[in-house]
Amino acid sequence: MNIFRLTGDLSHLLAILILLWKIWKTRSCSGISGRSQILFATVYTARYLDLFTNFVSVYNSVMKIIFIAAAFATLYLIYVKFKATYDRNHDTFRIEFLLAPCALLALILNHEFTILEVLWTFSIYLESVAILPQLFLVSKTGEAETITSHYLFALGSYRALYLLNWIYRYYFEGFFDLIAIVAGIVQTVLYCDFFYLYITRVIKGRALKLPA
Amino acid sequence: PETKIIKDEL
């Protein structure tokens, strides 16, 4: 464990808790893409199946349980409890165009052709594009609530911090996972224009409005 | 075959 990975995990946890808190407090999931949350729940389920087979540490297991539980709790809030506030008309990104290519790529480009490894690879590829429906929704509505932009900032920062973690681990531990690194770069790059808007607007107290 | 990468990250 290193400071980059720890702050990355905490940033990830913060993002997930901000989202749950926003929906619960405002009793509304307006501006939130349910489709992205479906993809995240798929990512965690596919990636954390090893939760019961190989124990890494208490921290690792506890975080995996929290991420899976929070992902499904968010889906419940969006599609059951507050479904009247779900923005069905704007949340229209075709996620099958993300799921199929990621599944195909995971079958072709992986470290080892076993069930767990292919599912892990699928989750890595899927996570790198899982935010697209959410960014698409924000671009369609042209704005995002401030709390939603904080959620996106924390979520985008987590994988950026993981990139630093991989640089650190490469030099100090000789750890190198090209699949995770390339997908992590793609994932972080997708947030760049959002990061720019967040830094130039939200930090200065203005609402996140995309230039029309 | 590549060295097995231990999956210790989230």
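Owing to the predicted nature of the structure, the values given are computational and were not obtained by experimental measurement. All chains are named by letter (A, B, ...) in the order of the sequence lines, taking the proteins before the strands, and each is independently numbered beginning at 1.
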Run the ring-ring contact (aromatic ring centres under 6.0 Å, His included) test on A:Trp166 and A:Tyr162 for me, step by step, so that the C-alpha distance in whole Å, both residues' side-chain angles and the decisive distance to 0.1 Å come before the verdict. CA-CA 6 Å; A:Trp166 288 320; A:Tyr162 255 68; 5.7 Å; yes
Evaluation steps, ring-ring contact (aromatic ring centres under 6.0 Å, His included), between A:His12 and A:Tyr44: CA-CA 12 Å; A:His12 191 186; A:Tyr44 303 138; 5.7 Å; yes
Is it true that the side chains of B:Glu9 and A:Asn165 contain a donor and an acceptor less than 3.5 Å apart? yes
Result for side-chain contact (heavy atoms from CB on, under 4.5 Å) between A:Cys29 and one of A:Leu19, A:Asp87, A:Ile23, A:Thr74 points to A:Ile23
Tell me the residues of residues 120-131 of chain A whose non-hydrogen atoms fall below 4.5 Å from those of chain B, in number order. A:Trp120
Any donor and acceptor pair, going by atom type alone, linking the side chain of A:Gln134 with main-chain N or O of A:Ser33 inside 3.5 Å? yes
Between A:Arg35 and A:Glu96, does at least one N-O distance fall below 4.0 Å, as a salt bridge requires? no
May I ask you to name which of A:Lys64, A:Arg47, A:Arg5, A:Met63 has the most heavy-atom pairs under 4.5 Å with chain B? A:Arg5
